[in-house]
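Chain letters run A, B, ... following the sequence lines, proteins first, then strands; residues in each count from 1.
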2 protein chains.
Amino acid sequence: MKSTSGKGSTKSIDRHSFEPAYMQIARTISEQIATGAYRAGDRLPSESELCTGFGVSPMTVRRAVNILVERGLATAAQGKGTYVRSLALGEAVFRLREMTDRWYDGSIDVRLLEASIAPATARVAEVLDCKPGERMVYLRRLLLRDEAPLMYHREYLVYDPRRPLVEAQLRITSLEGLLESAGGEGFPRGNLTVQAVGLSSEAADLLDLATGSPALCLEHVFYDFSGRAVSWGWFLCRPDQFKLTSWIGAPEASGGGR
Amino acid sequence: MKSTSGKGSTKSIDRHSFEPAYMQIARTISEQIATGAYRAGDRLPSESELCTGFGVSPMTVRRAVNILVERGLATAAQGKGTYVRSLALGEAVFRLREMTDRWYDGSIDVRLLEASIAPATARVAEVLDCKPGERMVYLRRLLLRDEAPLMYHREYLVYDPRRPLVEAQLRITSLEGLLESAGGEGFPRGNLTVQAVGLSSEAADLLDLATGSPALCLEHVFYDFSGRAVSWGWFLCRPDQFKLTSWIGAPEASGGGR
DNA sequence: TAGTGGTCTAGACCACTTA
DNA sequence: AAGTGGTCTAGACCACTAG
């Protein structure tokens, strides 16, 4: 272990760096966790110790420690101290953006398969706050990349002639646009669900897969300002193209050795 | 709209509440977003305006605004202001804990099916930083609830006689323990992946499903302090029992009306 | 130039834990 | 009683944006 990264060392921060002091402190400590200078269960230096060690004010050191706590690397116990956490699968956080970013090069083609107005089925009325038979907007889209199908999207919208929602929806031709505004444009709240499903024959044909084969289903429900569910839809995604990934614990710290 | 929730009102905070001032401010603003007092694209009051409006210091109001930004409800633009964001699917964050919490009532039974030492296959050596043929710990577990299978877990560990890892692993009999320490006990870093897969006949038999039927696969790789991949495993989860859910946008605000 | 958010200071008081 | 983290103050300087 390099002496400069020892846990007791007074590693000072670079006041002229573009990186804020609180971030330098958070990074320094997380690197010490990554390299084993601090291990799971160890108590980190108290905030006052870190203040003198880094030569900053309490608020700055506190902000750094909060970052470690938010990342799940440490837990703070009032009156006791701040302790390094051990890894726990349950702490994992998956961000949809990391999955969709792979396709943000604009090469995705959005093909509108159907746009119609139809009465709500019992199932639709159950999910959306409406009566069976009420007029609904029904949309079906296929998303492709180099002519190869990636996702099949279906969506139901409560029909509201006052809202120019449908026209905006029909103009969507990019994945970015679809993810930004699928159903939820202008709504304050939504719920998402990810699960594994078996493809219906219709979806399987469109995705060029076998009926019943596994796919990732991203379901979304949006609510209006009065709390009413007004949009319901789901993406069926080819499982070879869509995975959620997440890192837990300390960020990569150039491998400890170096 | 009630006048007390209007956007220009000087809604004061309760100094004697158990809820900190910064949280009251964040909640107040997010409720105003939920009910439509502020809409997507609107500029929120400046920090100095919020300071005078709520009667708190700049740091307190800043902390509240930061919470809104972290939740994805607003974006802060230096020199311009803070603006309400529109919903975007890409901002969704899924927490594994919310899926596993359903089973934290202790009614899960962990059954160790196999614990052996075997040479690494080419595939294992490819994922873990080891040579084909190197001695590996191989574990297979079945997790049940009321005798009904929920998850099938397989795991490979680089064998290290200095590490009492295996013994600790064998003692795991609860889901909590497994999720806390599956492979990663004492390691600083791990990677997780969630995807949809089709079940092998072996896994399907154990999970009481049909071969090839869809399942949610949670894969995990853990790294030691030198950055070496030393643990690889995955949970195959019954799709009817395991979903990832997430809320985006403003939290539920008692339905706008009231 | 005025206003905005981003960072930081040097304290303060409180609740909590441990001894 | 001493030490810890949790909250909050009342400012400060900076970088950035706009008119």
query = Below 4.0 angstrom from OP1 or OP2 of C:dT4, is there any side-chain N or O of B:Ser48?
reply = yes
ask   = Taking only side-chain nitrogens and oxygens of B:Arg15, does any of them come within less than 4.0 Å of OP1 or OP2 of C:dC13?
value = no
query = Has B:Thr60 got a side-chain N or O lying under 4.0 Å from the OP1 or OP2 atom of D:dT7?
reply = no
query = Hey, is CZ on A:Arg228 packed in by over 12 heavy atoms from elsewhere, all under 6.0 Å?
reply = yes
query = So, is A:Ser46 close to the D:dT4 phosphate, meaning a side-chain N or O under 4.0 Å from OP1 or OP2?
reply = yes
query = Does a side-chain N or O from A:Arg62 land closer than 4.0 Å to OP1 or OP2 of D:dG5, or not?
reply = no
Sugar-phosphate, base or nothing in reach of B:Val65, heavy atoms under 4.0 Å = nothing
Charged N-O contact under 4.0 Å between B:Lys243 and A:Glu219 = no
message = Expressed as a whole number of angstroms, how long is the span from A:Tyr22:OH to C:dC8:P?
response = 7 Å
inquiry  = Less than 4.0 angstrom between a side-chain N/O of A:Lys80 and OP1 or OP2 of D:dG3, yes or no?
reply    = no
query = For the pair made of CD in A:Gln78 and P in D:dG3, what is the distance, rounded to whole Å?
reply = 17 Å
request  = Please state whether the rings of A:His220 and A:Phe235 are parallel, tilted or perpendicular, taking 30° and 60° as the class boundaries.
outcome  = tilted
task = Would you check if the side chain of B:Glu49 reaches a backbone N or O of B:Ser46 as a donor-acceptor pair within less than 3.5 Å?
result = yes
query = Distance from B:Phe187 atom CZ to A:Leu87 atom CG, nearest 0.5 Å?
reply = 9.0 Å
remark   = Atom CG of A:Leu50 and atom P of D:dT4 are separated, to the nearest Å, by 10 Å
Under the 3.5 Å Watson-Crick or G-U criterion, the dot-bracket string of DNA chain D, with | for inter-strand pairs = ||||||||||||||||||.
ask   = Over how many whole Å does the gap from A:Arg43 atom CZ to D:dT4 atom P extend?
value = 6 Å
note = By nearest-heavy-atom nucleotide on DNA chain D, the more 5' of B:Ala21 and A:Leu44 is A:Leu44
ask   = Short question: side chain of B:Ser246, backbone of B:Val93 - any donor-acceptor pair under 3.5 Å?
value = yes
query = When the distance from CD of A:Glu47 to C1' of D:dA2 is rounded to whole Å, what number comes out?
reply = 16 Å
request  = Send over the distance from A:Glu70 CD to D:dG6 C1', rounded to a whole Å.
outcome  = 14 Å
query = Between atom CD1 in B:Ile13 and atom C1' in D:dT9, what is the gap in whole Å?
reply = 12 Å
ask   = Which whole-number value in Å describes the distance from B:Glu49 CD to C:dT4 C1'?
value = 10 Å
task = Verify, without hydrogens or angle tests, whether A:Arg39 (side chain) and A:Gly36 (backbone) share a donor-acceptor contact under 3.5 angstrom.
result = yes
message = Any side-chain N or O of B:Arg63 below 4.0 angstrom from OP1/OP2 of D:dC8?
response = no
